[in-house]
Amino acid sequence: MPITAIQADITSLNVDAIVNAANTSLLGGGGVDGAIHRAAGPELLAACKQLNGCTTGDAKLTEGFKLPASYVIHTVGPVWQGGDQGEAALLASCYWRSLTLAASVSARSVAFPSISTGVYGYPIHQAAEIAVTTVNATLEDDSAVESVTFCCFSAADLAVYQACLNQLAR
Ligand code: APR
């Protein structure tokens, strides 16, 4: 199954690339951003400082350093502002851009956190729907990426992603 959902700490996953839910500075933060920087070590921040930030909806790549993953793809999700500020398109862009970058370095397995659904306040059901449909559409477009894992941090989030994936399978 090319697209699955699990509950885990994304920093523990032995995949080719993990995606970081970063902010536009790319200089670290809390949540999954903080966890990834802690696990990767200080070289990750040094590498990020060379990237000159990242705009919302875009993604930039670094090595994984001390992480099991070879690469970290840093993407910046939209802050939820009620849904009429183009949030859906920006969130979809995070998933599409991340997969495009992964394919560009021949990363075959990619793991995503639930982008924007923590500090940035994006409602989980809407965000999961966008994540699943965007990833599925991108993989169907003959992407070099072979497997995508939605790495949920809570059982509640996992149930939402699983329901979206079940819808897809119908
Ligand atoms: N592994 C997997 N998922 C995690 C982990 C982890 N180790 N830690 C947190 N998460 C989950 C959260 O529970 C949430 O479901 O990642 C999801 C995204 O939440 P945030 O990390 O808060 O990211 P986001 O909502 O996109 O906000 C980004 O938060 O940490 C700052 O620097 C970051 O400013 C940026 C903002």
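Predicted model, so just to flag it, every value in this text is computed and none were measured. Whatever order the structure lists ligands and atoms in, that order sets their numbers, starting from 1.
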Taking distance alone, no hydrogens or angles, what donor-acceptor pairs closer than 3.5 Å link side-chain atoms of residues 2-10 to residues at least two apart or in another chain?
residue: Gln7; atom: OE1; partner: Ala155; partner atom: N; Å: 3.4
residue: Asp9; atom: OD1; partner: Thr11; partner atom: N; Å: 2.8
residue: Asp9; atom: OD1; partner: Thr11; partner atom: OG1; Å: 2.7
residue: Asp9; atom: OD2; partner: Thr11; partner atom: OG1; Å: 3.2

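- Note: no N/O pair closer than 3.5 Å links Cys152 and ligand 1 by distance alone.
- Those atoms of ligand 1 with a heavy atom of Gly118 less than 4.0 angstrom away are 18 (C), 19 (O), 22 (O), 25 (O).
- An N or O contact shorter than 3.5 Å is missing between Pro113 and ligand 1 by distance.
- Protein heavy atom in closest approach to atom 16 (O) of ligand 1: Val32 CB, 4.0 Å.
- Set against the non-hydrogen atoms of Thr117, the atoms of ligand 1 under 4.0 Å away are 14 (C), 15 (O), 25 (O).
- In terms of modelled atom types and a separation under 3.5 Å, the side chain of Thr149 and the main chain of Cys151 share no donor-acceptor contact.
- The closest donor-acceptor contact from the side chain of Asp16 to the backbone of Arg108 lies under 3.5 Å.
- For Ser116 (side chain) and Pro78 (main-chain N/O), a donor-acceptor pair under 3.5 Å exists by modelled atom type.
- Taking hydrophobic clusters as Ile, Leu, Val, Met, Phe, Trp and Tyr residues chained together by side-chain heavy-atom distances below 4.5 Å, Ile18 does not share a cluster with Val76.
- Using modelled atom types and a 3.5 Å distance limit, the side chains of Ser25 and Asn23 yield a donor-acceptor pair.
- Contacts of Ala21 with ligand 1, taken as heavy-atom pairs under 4.0 Å, involve both backbone and side chain.
- Summary of contacts: the protein heavy atom closest to atom 1 (N) of ligand 1 is Ile10 N, 3.0 Å.
- The closest donor-acceptor contact from the side chain of Thr117 to the backbone of Ser114 lies under 3.5 Å.
- For Ser116, the closest heavy-atom approach to ligand 1 falls below 4.0 Å.
- Counting protein heavy atoms only, atom 11 (C) of ligand 1 is closest to Phe153 CB, 3.9 Å.
- Atom 7 (N) of ligand 1 has Asp9 OD1, 3.1 Å as its closest protein atom, hydrogens excluded (heavy atom only).
- Between the side chain of Glu87 and the main chain of Gln85, a donor-acceptor pair closer than 3.5 Å is present.
- The nearest protein atom to atom 33 (C) of ligand 1, hydrogens excluded, is given as Asp33 OD2, 3.6 Å; this is a heavy-atom distance.
- Atoms of ligand 1 found under 4.0 Å from any heavy atom of Gly29 (numbered from 1 in listed order, with element): 30 (O), 32 (O).
- A donor-acceptor pair under 3.5 Å links the side-chain atoms of Lys60 to the main chain of Gly53, judged by distance alone.
- Val19 and Leu44 fall into different hydrophobic clusters, where Ile, Leu, Val, Met, Phe, Trp and Tyr are joined by side-chain heavy atoms under 4.5 Å apart, directly or via other members.
- Taking every heavy atom of Ala35 and a limit of under 4.0 angstrom, the matching atoms of ligand 1 come to 7 (N).
- Between the side chain of Ser93 and the main chain of Gly57, a donor-acceptor pair closer than 3.5 Å is present.
- Protein heavy atom closest to atom 17 (C) of ligand 1, with residue, atom name and distance, is Ser114 O, 3.4 Å.
- Scanning the protein for heavy atoms near atom 30 (O) of ligand 1, the closest one is Gly30 O, 2.8 Å.
- Nearest protein neighbour of atom 36 (C) of ligand 1, counting heavy atoms only, is Tyr120 CE1, 3.4 Å.
- Of all atoms in ligand 1, numbered sequentially from 1 with element shown, those under 4.0 Å from a heavy atom of Asp157 are 15 (O).
- Polar contact check, Asn23 against ligand 1: a nitrogen or oxygen pair lies under 3.5 Å apart.
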